[in-house]
Number of protein chains: 2
Amino acid sequence: MKSDFNAYNYLLQHDIKPSVQRLAIINYLYEHRTHPTADEIYAGLIDQIPTLSKTTVYNTLNLFYQQAAILSLTIDDKNVRFDIDTSDHAHFKCLNCGKVFDVPAVLDSVTAIALEHGFIVAEKHLYLKGYCSSCNESPNK
Amino acid sequence: MKSDFNAYNYLLQHDIKPSVQRLAIINYLYEHRTHPTADEIYAGLIDQIPTLSKTTVYNTLNLFYQQAAILSLTIDDKNVRFDIDTSDHAHFKCLNCGKVFDVPAVLDSVTAIALEHGFIVAEKHLYLKGYCSSCNESPNK
DNA sequence: ATCAAATTTGTAATCATTACAATTTTATAT
DNA sequence: ATATAAAATTGTAATGATTACAAATTTGAT
Ligand SMILES: [Mn+2]
Ligand SMILES: [Mn+2]
Ligand SMILES: [Zn+2]
Ligand SMILES: [Zn+2]
C-alpha cells in the first residue's frame, strides 16, 4: 500500500524548497508517527541516502519548525522530538518504555486565560508523563 | 521583611535530610519564583556558600525532583528549569525576553482522557510560548 | 575518639546540538 | 552549453548542559 502523502506539495505549501534530503525527512516523519529524534531520523535514512549528514538533518528539522511544517517537542529533557502532526493534541511519555503517545486534547480555555493576561500565544504544548497501558499491565522492574 | 517559609520542615516533609546546601537551594527556589536554571541557582548562592559545587546543585535538584518537592520544567530545550510550586498551573515562555511566567490552569479534563486510554498520569505540564505583555508593547527588534 | 555512612566537591566524560568553512548542487545569465 | 552566483549539503570542530566518578569532608552512631 503506497502512501498518498504528497511530500513535494507539503513542502511547497510551507515555503520550503524541496530537495532529496528534505523530501526524505518529511516523508520519514509522515510514515513514523512515533515522535522521533533527529538521531533516529538520521539512522532511519542513512541507508537510503548514504551521503546524508547529521547536520543536514538538524538544519532541515529546524527549517521545518521555523516554517511551522512540524512541531518540536521538549517532553524529553535529553532529546528534542519531532511531529508532523501540527494539529491541537497532547503527548504522553511513558516513564518505563520511553514511548511518546498522542492524546486528544483541546486547550482553548488555557489559551484564553493567557490572552487575558496580555500574552500572545504562538505555541501550546501539553505533556503528560506516567505509565502506558502495556507497561502498567506488565511492569518492567 | 523575613520569609515565613520553613525550609527545614519542608525538606523533612519530603523525606529529605536537611543540609546547609539543601536548605540554601530550597530557600532560593522559595524566594525566586522565576523558574531558575541550575546555573542560575548556583550563581545566586556561590557568594553565600563559597565552597558550593555545581555538581551539588544538580544532585540536590534531582533529589528534590525525585522526592516530588519541586517541579522540573522542560519548556526550554536548552536548560531545565525548576519550580517550588508543585500545584496545578501552566507556564508561558516569552520568545523575546526568555522569561517564564505562571498561568493559572486546570488540566483535569485532559488527565481524564489519558486515563480512559489506559495511561497512568504522574505528571502534567502545559507549556505556552509566545510574547509577554511587555515585549508585545515594545518589541525588541 | 573511632568507624561507617552520607554528603559534598572537583574534574573529567558524555552527548545532543550548533558553528563554520569547504564542497557540491541548483539556478540564472550570457 | 558555459560561466557565474546562490543555495544546499557535508564533515569536522566547538559548545555547553548535565552526569560519572573518585577523593575529600561532614555527620551520626557506637
Ligand atoms: Mn503527536
Ligand atoms: Mn511555575
Ligand atoms: Zn510504556
Ligand atoms: Zn517578554
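- When ring centroids are compared, B:Tyr127 and A:Tyr127 come within the 6.0 Å threshold.
- Here the two rings, on A:Phe5 and A:Tyr10, have centers that are under 6.0 Å apart.
- Below 30°, between 30° and 60°, or above 60°: for B:His35 and B:His91 the angle between ring planes is above 60°, a perpendicular geometry.
- If you take CG of B:Leu52 and P of C:dT7, they are 16 Å apart, rounded to a whole angstrom.
- A:Leu63 places its CG atom 14 Å from the P atom of D:dT10, with the value rounded to the nearest Å.
- Comparing B:Arg81 and A:Thr55 by the nucleotide of DNA chain D that holds the closest heavy atom to each, the one mapping nearer the 5' end is A:Thr55.
- Look at CD on B:Gln21: it is 14 Å from P on D:dT25, rounded to the nearest Å.
- Using a 4.0 Å heavy-atom cutoff across all strands shown, A:Asn62 reaches sugar-phosphate atoms only and no base atom.
- For the pair A:Lys78 and D:dT19, the criterion of a side-chain N or O lying under 4.0 Å from OP1 or OP2 is met.
- Rounded to whole Å, the distance from CG on A:Asp76 to P on D:dA17 is 18 Å.
- The phosphate of C:dT8 has OP1 or OP2 within less than 4.0 Å of a side-chain N or O from B:Ser19.
- The shortest distance between the side-chain N/O atoms of A:Tyr58 and the OP1/OP2 oxygens of C:dT17 is below 4.0 Å.
- There is a side-chain donor-acceptor pair under 3.5 Å between A:Asp85 and A:Ser87.
- The residue among A:Val20 and B:Lys54 whose nearest nucleotide of DNA chain C is located toward the 5' end is B:Lys54.
- Residue A:Arg22 contributes atom CZ, which lies 15 Å from atom P of C:dT25 at whole-angstrom precision.
- Considering only side-chain atoms of B:Ser53, the nucleotide from C:dT8, C:dG10, D:dT10 that sits closest is C:dG10.
- Atoms CD1 (B:Ile46) and P (C:dT9) sit 8 Å apart, rounded to a whole Å.
- Between B:Thr56 and A:Thr37, the residue anchored closer to the 5' end of DNA chain C is B:Thr56, taking for each the nucleotide with the nearest heavy atom.
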